[in-house]
Amino acid sequence: IFFVEQILRVKAEEDKIPLLLVGNKSDLEDRRQVSVEEARSKAEEWGVQYVETSAKTRANVDKVFFDLMREVRAKKMSENKDKNGKKSSRNKKSLRERCCIL
C-alpha cells in the first residue's frame, strides 16, 4: 500500500496512472509468499490488472509489457480527446503542408 500511495503522491496531478500489479517468479510455486487470491483482491482494490510472470519460463513477460503500453496509449488518447474535444488525428492535407520535397 505504501508503494501505491507514494506513486500517487508524486503523480498527484494525474487522475489515472497506468499501473499493473505484477507477481514475479510464478515458476517457484512452492516458495510463494503472496497467494493468488490476495494479489487479485489487492489489484481489484487498486483498480488495476494483475498478472503473474516468470522470466525463467518467459510466461507473461511480453503480456505485461504490451498491457502496460495499452494502458499508456489509452491514457494518452483520452488526454488528447479531452484537449481537442475529439480524437487526435492528422489529416493528409496538414502533412503535405508541412512537408517539402527538394
Side-chain angles (χ1 to χ4, degrees):
I1 293 174
F2 174 74
F3 183 68
V4 171
E5 289 174 353
Q6 189 175 8
I7 291 171
L8 294 175
R9 194 173 337 113
V10 170
K11 297 286 190 177
E13 73 278 355
E14 305 282 333
D15 55 340
K16 185 171 190 291
I17 300 166
L19 291 174
L20 294 175
L21 180 59
V22 180
N24 65 338
K25 299 190 182 285
S26 65
D27 57 297
L28 300 176
E29 189 68 35
D30 57 327
R31 296 173 60 188
R32 179 178 287 276
Q33 295 180 4
V34 178
S35 70
V36 174
E37 295 80 22
E38 184 181 354
R40 284 193 177 136
S41 69
K42 190 56 71 176
E44 189 175 314
E45 178 185 325
W46 294 343
V48 299
Q49 182 182 354
Y50 173 66
V51 181
E52 288 196 347
T53 64
S54 170
K56 182 178 180 180
T57 63
R58 298 260 322 139
N60 292 330
V61 173
D62 292 336
K63 178 183 177 13
V64 168
F65 175 77
F66 288 117
D67 286 354
L68 187 57
M69 290 302 101
R70 275 190 213 99
E71 292 276 334
V72 169
R73 185 170 188 226
K75 182 178 184 301
K76 287 195 179 267
M77 294 294 282
S78 176
E79 287 174 355
N80 286 342
K81 189 175 181 181
D82 290 345
K83 283 182 185 176
N84 300 331
K86 59 180 181 177
K87 287 186 178 179
S88 174
S89 63
R90 298 179 188 171
N91 59 23
K92 290 182 181 179
K93 186 175 181 181
S94 67
L95 287 175
R96 276 190 231 140
E97 290 173 355
R98 289 186 285 152
C99 296
C100 178
I101 299 175
L102 300 176

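Model, not experiment: these values are computed from the prediction.
Between Lys42 and Glu45 there is a salt bridge, since a side-chain N of the basic residue sits under 4.0 Å from a carboxylate O of the acidic one.
With Arg73 as the fixed residue, the side chain to side chain contact (heavy atoms under 4.5 Å, CB included) test singles out one of Met77, Met69, Glu71: Met77.
If you take CH2 on Trp46 and CG on Leu19, they are separated by 8.5 Å, rounding to the nearest 0.5 Å. The CD atom of Glu52 sits 9.5 Å away from the CG atom of Leu21 when rounded to the nearest 0.5 Å. Distance check, rounded to the nearest 0.5 Å: OG of Ser78 to NZ of Lys75 gives 8.0 Å. Taking CZ of Phe66 as the start and CZ of Arg70 as the end, the distance is 8.0 Å to the nearest 0.5 Å.
Across every non-hydrogen atom of Val61 and Ser54, the tightest pair is CG2-O, 3.6 Å. Heavy-atom minimum distance, Tyr50 versus Gly23: CE1-N, 3.8 Å. Summarising the geometry of Leu68 relative to Leu20, their closest heavy-atom pair is N-CD1, 3.7 Å, with the distance given to 0.1 Å.
Side chain of Thr53 to main chain of Arg58: no donor-acceptor pair is present (N/O by atom type, distance under 3.5 Å, no hydrogens or angles).
Residues Val51 and Val36 fall into different hydrophobic clusters, defined by Ile, Leu, Val, Met, Phe, Trp and Tyr side chains chained together at heavy-atom separations under 4.5 Å.
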Set out, in order, the CA-CA distance, both residues' side-chain angles and the distance that settles salt bridge (Lys or Arg N to Asp or Glu O under 4.0 Å) for Arg32 and Glu29, then state yes or no.
CA-CA 5 Å; Arg32 179 178 287 276; Glu29 189 68 35; 3.0 Å; yes

